[in-house]
Amino acid sequence: MALLQIAEPGESAAPHEHRLAVGIDLGTTNSLVATVRSGMSVVLNDASGRPLLPSVVAYAADGSVEVGYSAEARQSIDPRNTIVSVKRFMGRGRHDIAHIETLPYDFVDTEGMVKLKTIAGIRSPVEISAEILKTIRHRAEASLGGELTGAVITVPAYFDDAQRQATKDAARLAGLNVLRLLNEPTAAAIAYGLDNSVEGVYAVFDLGGGTFDISILRLSKGVFEVMATGGDSALGGDDFDHRVFCWIIEQAKLMPLSPHDARLLQMRAREAKEQLSQHGEAPITVKLGSGEYVDLLLTTEVFTEITRTLVQKTLAPCKKALRDAGLTVADVSGVVMVGGSTRMPQIQHAVAELFKQEPLNNLDPDKVVALGAATQANLLAGNRAIGDDWLLLDVNPLSLGLETMGGLVEKVIPRNSTIPVARAQDFTTFKDGQTAMAIHVVQGERELVTDCRSLARFELRGIPPMVAGAARIRVTFQVDADGLLSVTAREQTTGHQARIEVKPSYGLSDDEIAGMLKESFSHASDDAFRRALREAQVESQRLIEATQSALADAADLLSTLERAHIDAAVTKLQTVMIGDDRRAIDAAMQALSAATNEFAARRMNQSVQRALAGRNVDQLSL
Amino acid sequence: MTTFDLNFAEDYFTLFGLPREQALDLASLEKCFRAVQAKVHPDKHAHAGDSDRRLAMQWATRVNEAFQTLKSPGKRARYLLHLLGHDPQIESNTAMPVEFLMKQMELREAVMEARSAADEEALEAVRSSLLNEIKVEYQRLAELIDVTRDFTAAANLVRQLMFQEKLLNEIDDALEAVTA
């Protein structure tokens with residue numbers, strides 16, 4: 001007879017419940033989703049068994065949206081309403097986008113991020129990306145048979161704050177709980193490192209459809225430490241296609257093209273490029289809508305010649321990243337190639353020559369990022385297995401600073417600082433009696449504000465009038481583990497404080513997100529309400545489980561009175577979470593959080609002491 | 001911000017349980033850093049309550065700062081001298097030996113020349129000879145602080161090293177401009 005199991009008081013009944021978590025590679029050209037299944041990272045295919053989802057979104061007049069292969073098939077029929085490579089527009093203004101004049105879209109002039117006018121209405125790149133993520137989410141939930149606990153979404157390491165924020169917004173809009181934004185080359189390094197259990201310094205060379213990253217990492221037992229990263233967030237396979245496209249127009253002496261013909265030629269250009277990775281030449285034959293014929297032969301020699309400067313453009317960031325890491329080519333044990341564009345022999349040769357070694361191509365360059373992200377998602381969701389206990393230390397890719405007098409930038413956090421990182425800098429007033437200060441946060445490496453990206457502006461008011469130079473304004477930058485920045489300004493003598501989560505310049509405000517969510521739920525407002533309530537209940541359950549497991553581990557750190565206080569808060573939350581009063585649940589969660597603050601601090605101290613105490617340094621292990 | 005108890009206020013050497021020495025063993029530092037970071041990093045608390053997650057970020061931030069400070073010999077010396085009550089007064093005290101200043105001016109001119117001539121090799125050559133020089137001076141610094149305990153001389157050397165580190169940054173900027 002089977003015995004019934006009863007959990008010990010205070011212990012969760014199902015402590016080893018497997019939480020559904022995925023890694024999502026939201027690519028310029030293709031997107032993928034992967035998960036960890038019985039200890040193995042696997043890519044989840046669509047119903048037809050295809051791993052890739054083309055990152056293409058097609059809008060129709062009746063308001064319906066198609067994503068993926070079916071949308072891709074529409075790109076030459078309806079180029080204006082079929083959006084490809086939307087990643088290039090994320091967190092970007094009109095002036096940031098290369099070759100914008102050759103794109104078939106109807107851009108709307110708005111402040112901040114560009115928007116596109118489609119037959120279904122005006123759409124922001126965040127909304128378009130959210131359509132891709134929704135399709136991915138549905139694929140994952142269908143495949144795993146349940147609602148996702150959370151997702152790790154990868155971004156190019158060289159993405160700035162605006163681009164990261166936009167990605168996170170798109171995920172929220174798609175109904176995903178973002179466990180972490182993870183840098184693509186770092187994700188690749190995880191997949192590669194765990195697979196091959198290598199040690200040493202590795203370079204990850206990641207050339208995708210629209211972005212280029214180079215990361216230098218040190219891999220050692222259980223730790224992936226990013227030492228430096230560099231790149232170009234507007235350089236990728238698309239640019240190679242564009243060179244071929246321009247070459248076709250020049251060779252065939254074509255007149256100005258219709259959007260339809262332009263898209264057709266861009267597709268042929270890409271096919272020719274891909275063919276050249278396998279063969280010495282690629283024929284390009286097209287009949288255009290204008291009645292003109294194109295019949296050309298693209299050889300490897302010509303392709304190498306017309307794309308030489310693009311290949312060169314990838315090498316300077318590699319050298320810079322090595323310098324930033326304080327290393328030379330001789331220190332690099334291996335170069336891992338990631339991204340479909342590294343299939344080009346020209347890239348392989350250039351990388352081999354620079355690093356004086358043959359690059360490593362033993363992982364599928366299309367899948368490796370998603371596989372690594374899935375491993376990280378599994379860990380963050382709390383599905384921990386033995387041997388899984390590794391640690392990832394990443395960096396911020398670009399320097400963060402403030403505008404000072406004369407339009408100059410004062411760097412507060414230099415690029416390639418290990419995150420999370422915080423840095424404070426003191427500033428003072430310029431005029432006698434000055435009572436306010438305009439704080440302008442910028443990102444970039446250049447000395448002039450106008451050459452850097454503006455992230456946010458805010459004002460600190462209520463500074464007591466003093467002579468110029470007497471006030472002490474401390475501005476603190478904090479970059480979290482997602483690489484996202486928040487800024488606080490505080491007048492030291494009065495303690496007057498202003499605080500901002502950096503996002504308004506290019507990201508979406510919370511109101512905008514709320515508006516979009518409401519719109520997408522407008523036909524199902526009950527759904528939205530139920531979803532929010534369900535999220536609050538899940539969050540409550542998580543908090544209770546976390547508290548109970550902490551109490552089981554370290555009850556000795558609490559006095560009887562403190563313990564009673566926490567227990568009461570747990571009971572209260574347990575009571576209200578069954579109901580449907582969302583506000584009462586939120587309030588009870590906050591009360592429990594507040595009751596456990598001091599306990600959390602003591603536990604953290606204890607675990608730091610335990611990490612070092614009573615042990616010889618040589619015996620430390622992770 | 002929450003208030004932190006004593007542990008959080010400890011100096012960086014104590015935090016990692018290491019002796020207050022300039023000649024710090026980097027391998028030990030790294031081991032201790034990783035051991036502590038493995039406990040406090042936000043990724044290790046992703047599924048915990050809000051208080052834990054906020055604390056984890058604060059701790060991880062501090063541990064990173066401590067590691068970066070102790071890892072770099074220049075930053076470590078400045079921090080250590082400060083702890084020992086001999087602040088190097090980097091901003092107020094700018095007195096330098098004439099000889100040293102002459103040498104620095106020469107080097108700076110060489111860098112500017114190489115930059116305008118887009119001479120990557122010349123820049124790399126200046127860079128590697130400067131790096132060697134700095135390395136030797138770091139060793140002397142460790143001796144001054146740990147062995148002879150001549151903190152005044154150490155503070156002077158720290159100020160000179162700041163000059164050289166700044167020049168190194170300028171060379172890196174020049175290299176970036178030349179190779180871009």
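Note that the coordinates shown come from a computational prediction; the quantities given were computed from them, not determined experimentally. In the text below, chain A, chain B and the rest are named by the order of the sequence lines, each starting its count at 1.
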So which of [options] has the largest heavy-atom pair count under 4.5 angstrom toward chain B?
| options | result |
| --- | --- |
| A:Arg323, A:Gln376, A:Lys313, A:Arg423 | A:Arg323 |
| A:Arg603, A:Gln590, A:Gln312 | A:Arg603 |
| A:Leu392, A:Asp480, A:Leu179, A:Thr547 | A:Leu392 |
| A:Ala422, A:Ala381, A:Pro317, A:Ala546 | A:Ala381 |
| A:Ile544, A:Val479, A:Leu393, A:Thr328 | A:Leu393 |

With no hydrogens and no angle check, just 3.5 Å: does a side-chain donor-acceptor pair link B:Asp52 and B:His45? no
If you count heavy-atom pairs within less than 4.5 Å of chain A, which of B:Asp25, B:Asp173, B:Asp172, B:Asn64 leads? B:Asn64
B:Arg108 bridged to B:Glu113 by N-O distance under 4.0 Å: no
Flag the pair A:Glu539 and A:Arg542 as a salt bridge only when some basic side-chain nitrogen lies within less than 4.0 angstrom of an acidic carboxylate oxygen. yes
Turns out that what part of A:Glu225 lies under 4.5 Å from chain B's heavy atoms comes down to side chain
If one checks every heavy atom of A:Ile419 against chain B at 4.5 Å, the contacting part turns out to be backbone
Is there a side-chain contact between [X] and [Y], using heavy atoms and a 4.5 Å cut-off?
| X | Y | value |
| --- | --- | --- |
| A:Arg610 | B:Lys39 | no |
| A:Asn597 | B:Arg54 | yes |
| B:Gln160 | B:Gln104 | no |

Identify the residues of residues 125-138 of chain B whose heavy atoms come closer than 4.5 Å to a heavy atom of chain A, ordered by number, or report 'none'. B:Arg127
Just say parallel, tilted or perpendicular for the rings of B:Phe33 and B:Phe67, cut-offs at 30° and 60°. parallel
Should the pair B:His86 and B:Phe151 be assigned to parallel (<30°), tilted (30 to 60°) or perpendicular (>60°) ring geometry? tilted
Just grab all the side chain to side chain donor-acceptor pair (under 3.5 Å) pairs involving residues 139-156 of chain B, residues at least two apart or on different chains. B:Asn156-B:Arg159
So does B:Met112 have more than 12 non-hydrogen atoms from other groups sitting under 6.0 Å from CE? no
